[in-house]
Amino acid sequence: MEKSYQPAAIEQRWYKTWEQAGYFEPSGNGQPYCIMIPPPNVTGTLHMGHAFQDTIMDTLTRYHRMKGANTLWQPGTDHAGIATQMVVERQLEAAGTNRHELGRDKFLDKVWEWKEQSGNTISKQLRRMGSSVAWSRERFTMDEGLSKAVAEVFVKLYDEGLIYRGKRLVNWDPVLHTAVSDLEVISEEESGHLWHFRYPLSSGDGYLVVATTRPETMLGDTAVAVHPDDERYSHLVGQTVDLPLCDRAIPIVADDYVDPEFGSGCVKITPAHDFNDYEIGQRHQLPLINILTVDAAINENAPAPYRGLDRYAARKQIIADFVRLELLETIEDHKLMVPRGDRSHVVVEPYLTDQWYVKVAPLAKPAIEAVEDGRIRFIPDNWSKTYFEWMHNIQDWCISRQLWWGHRIPAWYDEQGNIYVGRDEAEVRAKHAIDDSVTLRQDEDVLDTWFSSALWPFSTLGWPEQTDALKSFYPTSVLVTGFDIIFFWVARMIMMGMKFAGDVPFAEVYIHGLIRDQDGQKMSKSKGNVLDPLDLIDGVDLETLVAKRTTGLMQPQLKPKIEKATRKQFPDGIPEFGTDALRFTFAALASTGRDIRFDLGRIEGYRNFCNKIWNAARYVLMNTEGVAATHDAAAESLPDRWIRSRLSKTITEARDHIEHYRLDLAAKSLYEFTWNEYCDWYLELTKPVLQDEAVSEASKTATRRTLIEVLEALLRCLHPMIPFVTEEIWQRAAKVAGNTGSTIMLQPYPEPTDFAADGEAETQLEWIMGFVLGVRQIRGEMDISPGKPLNVLLQNVAADERARLDEHGLYLRKLARLVNISTLEDGDEPPTSATALLGGMKILVPMAGLIDVVAERDRLQKQLDRAAGDLHKIEAKLANENFVARAPEAVVTKERGRQSSLQQEIAQLEEQVAKLAELE
RNA sequence: GGGCGAUUAGCUCAGCGGGAGAGCGCUGCCUUCACACGGCAGAGGUCACUGGUUCAAUCCCAGUAUCGCCCACCA
């Protein structure tokens with residue numbers, strides 16, 4: 001084996017081997033365990049969030065596979081309507097054309113081409129992460145099967161009256177020229193103004209003042225509203241005002257919606273361009289005047305001077321005209337929420353169009369109940385609150401998009417505009433007896449991407465066919481996803497799954513946090529702070545990293561800043577850490593719910609951990625080659641019994657933590673066992689056994705067996721998190737251990753009962769550790785070279801401790817580097833020494849004339865102070881009658897025990913301090 | 001406006017009703033026959049603040065402050 005762990009040398013080789021052997025595919029045996037991957041954008045690339053999420057899913061999948069489950073982790077990608085179409089449109093733009101010139105069919109060919117070309121990038125990257133997904137079952141949301149499911153669901157919902165077409169206000173993206181759903185609109189506070197306009201009363205008796213943040217919409221005003229109880233205006237209700245700039249009189253209406261305290265208490269009503277005004281318009285039968293084109297310019301319904309002006313140019317002009325007419329009362333600075341499209345980032349307009357909607361309330365009801373009664377559990381549970389909050393206030397879902405890339409809506413129109421919905425045109429004609437003489441035109445629009453995503457858990461298993469896969473794996477076991485798509489995706493999957501697949505789509509929803517940069521910033525291209533998971537795996541030099549971060553920026557002026565920050569943070573680029581180190585880092589950081597700052601220090605630490613395992617394995621393999629297949633358990637040494645017992649506990653912990661989705665705690669347990677117990681103590685404790693000629697062969701064999709058996713089991717424990725290094729080592733270790741399996745992937749996950757718990761061994765070994773630590777501490781603080789052999793004297797040695805000394809002196813001598821351990825009898829006068837305490841026993845390191853009295857006194861005094869402080873607290877507690885009376889018996893007993901041992905410790909320390917004083 | 005979360009060592013984070021923890025960083029010593037991606041020893045914290053509950057609070061409750069996120073139609 002190499003002296004240090006080289007991830008690049010093994011990772012890709014093992015992945016290929018596993019995939020070719022078919023280990024990722026469902027075994028067909030055992031309890032089904034299924035995870036559906038949240039399908040990434042087909043043209044996307046792997047980012048830190050994916051890598052994190054994939055690590056979680058793969059760890060769970062590998063764990064359950066090792067436990068014998070029939071596992072299916074199913075991969076796939078999403079067509080991501082708007083996002084993908086935008087990318088291709090940008091390419092066309094660069095080539096000097098656009099989709100309209102190309103036409104729909106040719107454009108779609110281009111998108112498919114782009115999908116083919118870039119679509120497997122993310123699959124390749126998923127492989128680099130070690131993801132054990134069933135590639136044979138990879139799906140794409142626009143596959144034939146999934147498209148069928150989409151049509152099926154659409155038709156069924158339509159037939160039940162749960163999908164309808166309606167003319168309403170929608171969020172209109174004037175750049176993309178499509179409707180978007182409420183969820184796709186991001187409202188952020190921006191600075192703006194509040195313009196106060198005077199609307200003259202038709203009666204000529206003055207004017208009303210209305211305030212608006214959007215002056216241009218006044219061209220579409222069809223009323224002014226006041227509160228019904230507002231005495232200032234009640235006499236005016238029913239009268240009209242003359243709408244300035246327009247040759248129209250509009251009514252003054254009374255409506256509860258108006259807040260009389262705000263502004264003047266008068267509100268201009270533009271039913272065609274504001275969601276609230278639309279409602280008011282409905283209540284008062286006001287006309288709707290649409291004054292905008294699809295580009296959000298002023299249309300022909302507005303007075304001539306404004307036609308054709310962009311909305312913001314029109315705003316300027318209108319304000320100028322109000323000033324000219326002396327109808328502008330005042331302008332205030334004002335903070336307002338500006339709605340922007342989440343893709344285009346342009347301000348969206350409420351816009352009156354025909355769209356398709358899903359009536360969601362009837363679907364939401366059972367979906368709410370499923371979470372309420374625990375058929376679906378959120379982890380952590382508080383996300384269920386977020387879910388309920390949204391589900392209880394859910395609005396109908398606008399599912400049509402004026403795009404070309406996506407599932408085309410399965411609705412046809414005849415020349416009279418009648419609507420026919422069916423799975424395809426032939427079905428529509430048959431169902432409605434429409435012969436070929438009638439021309440049918442299919443709806444031009446496509447469905448919201450999330451419509452097909454909502455069907456993902458069952459459409460990917462073959463629904464509407466009742467396939468074996470569907471029967472085995474639906475409902476799936478757990479959904480692993482981020483909180484940002486609970487509404488977009490999770491809620492809709494639950495609704496659709498319950499409606500069409502007859503059950504909840506998953507039993508648990510594990511919500512993980514967002515990966516942020518080291519400063520807590522969201523990683524984004526425009527901030528220039530993205531880390532590519534592959535750069536962490538393979539390493540990257542500084543120039544490449546800078547180039548990656550600064551090319552293709554939307555705001556090129558940020559380049560110098562990004563470059564500077566990058567050069568400062570990564571002066572030497574990023575070293576190669578390997579997939580396992582990255583995965584272990586994600587696992588260790590995956591505590592519940594909260595966001596994660598990705599810290600390079602952590603990944604470096606876990607890279608070192610992989611190397612530690614590697615070297616521990618080198619040691620073990622070096623010492624166990626050809627070891628007998630069995631051993632006599634009676635010949636096991638104390639350290640053998642101890643490490644087996646510790647491993648048993650560690651296995652319990654690891655399993656328990658993984659089952660509860662606490663990968664961070666599982667990682668921690670395994671890390672600490674491996675490093676602090678197996679490496680730091682056990683491997684060191686085997687050296688005296690294996691090197692000492694006096695130790696029996698049977699005992700050596702038992703130790704060799706323990707070395708290899710613990711290593712082999714530990715590798716299995718760690719495999720779900722760090723699959724590559726564990727497989728590489730396991731292949732060698734398994735042979736020595738006598739395991740003939742072909743891969744660690746399919747070995748059983750260790751059981752706690754595989755190794756004997758042994759409380760007695762743990763107690764005894766703790767005593768040995770205490771002894772060694774005591775001597776080391778003296779060495780460290782008294783500046784005695786670690787290599788210098790020492791003699792120690794023991795005082796106040798109890799009978800059972802004498803027995804331990806006889807039995808385990810070998811370990812003490814080796815680990816503490818002692819030549820001689822001798823026991824002082826009562827009355828023996830000890831030489832000048834540095835002292836360590838172990839329970840009631842004193843360990844004395846004779847210092848002859850070398851002792852630094854001051855240093856030793858300081859050292860003891862420090863211990864004394866600490867002990868005295870602790871004792872003081874405990875005595876205060878015990879002096880409290882209420883504590884003694886009310887605290888549980890066990891707690892009181894424990895405190896009394898601590899009290900007496902501290903008293904003993906203090907007495908001994910004081911004695912030593914007094915002795916030192918004699919030397920001064 | 002409503003809801004959720006965070007505040008613990010220099011940094012990144014665990015923990016939790018009865019003795020403050022890890023990794024990284026820092027200090028000192030050590031090229032010891034698995035590992036310098038290492039070993040040994042060590043320094044470092046009024047667990048944001050104020051009250052309350054309790055025999056006992058970093059932990060539970062209430063409030064305050066700061067930071068963050070989500071939802072919401074106030075022109």
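All values reported here derive from a predicted model rather than from experimental measurement. Each chain gets a letter, A, B and so on, in the order its sequence line appears, and its residues count up from 1.
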Among the nucleotides [options], which one has an atom lying closest to any side-chain atom of [X]?
| X | options | result |
| --- | --- | --- |
| A:K3 | B:C71, B:A36, B:G38 | B:A36 |
| A:R866 | B:A43, B:G18, B:C37 | B:A43 |
| A:D259 | B:A75, B:C71, B:U32 | B:A75 |
| A:D599 | B:A34, B:U12, B:A75 | B:U12 |
| A:F483 | B:G38, B:A34, B:C69 | B:C69 |

A:R340/A:E190 salt bridge by N-O under 4.0 Å criterion =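 Yes.
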Is the closest basic N to carboxylate O distance between A:R198 and A:E329 below 4.0 Å?
-> yes
Taking the six-membered ring for Trp, are A:Y387 and A:W383 ring centroids under 6.0 Å apart?
->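 That pair fails the under 6.0 Å test.
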[M] and [N], which share atom name [atom1], separated by this distance in whole Å:
| N | M | atom1 | answer |
| --- | --- | --- | --- |
| B:A6 | B:G15 | P | 10 Å |
| B:G38 | B:G25 | P | 9 Å |
| B:A9 | B:A14 | C1' | 13 Å |

Would you tabulate the pairs of protein nitrogen or oxygen atoms and nucleotide nitrogen or oxygen atoms of nucleotides 13-15 of chain B closer than 3.5 angstrom?
unit_1	atom_1	unit_2	atom_2	d
B:C13	OP1	A:R597	N	3.2
B:A14	OP1	A:S591	OG	2.5
B:A14	OP1	A:R594	NE	3.1
B:A14	OP2	A:R594	NE	3.3
B:A14	OP2	A:R594	NH2	2.9
B:A14	O3'	A:R662	NH2	3.4
B:G15	OP1	A:R662	NH1	3.0
B:G15	OP1	A:R662	NH2	2.8

Give [X] one of three labels, base, sugar-phosphate or nothing, depending on what nucleic acid heavy atoms sit under 4.0 Å from its own.
| X | result |
| --- | --- |
| A:Y606 | nothing |
| A:M337 | base |
| A:D484 | nothing |
| A:K862 | sugar-phosphate |
| A:S4 | base |
| A:F262 | base |

Is any side-chain heavy atom of A:F487 closer than 4.5 Å to a side-chain heavy atom of A:M391?
-> no
Could I get the full list of ring-ring contact (aromatic ring centres under 6.0 Å, His included) partners for A:F577, not counting sequence neighbours?
-> none
Any side-chain N or O of A:K873 under 4.0 Å from OP1/OP2 of B:A56?
-> no
Name the residue closer to the 5' end of RNA chain B, choosing between A:E672 and A:K385 according to the nucleotide with the nearest heavy atom.
-> A:K385
Of A:K268 and A:T386, whose closest RNA chain B nucleotide lies nearer the 5' terminus?
-> A:T386
Strictly below 4.0 Å, heavy-atom distances to any atom of RNA chain B: list the hits from residues 770-779 of chain A, or just say none.
->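 Hits under 4.0 Å, by residue number: A:L773, A:R776, A:Q777.
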Row check, A:Y5 ring normal vs A:K612 NZ/CZ: under 6.0 Å, within 45° = no
Nearest whole angstrom, please: distance from the P of B:C40 to the NZ of A:K814.
->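 About 15 Å, once rounded to whole Å.
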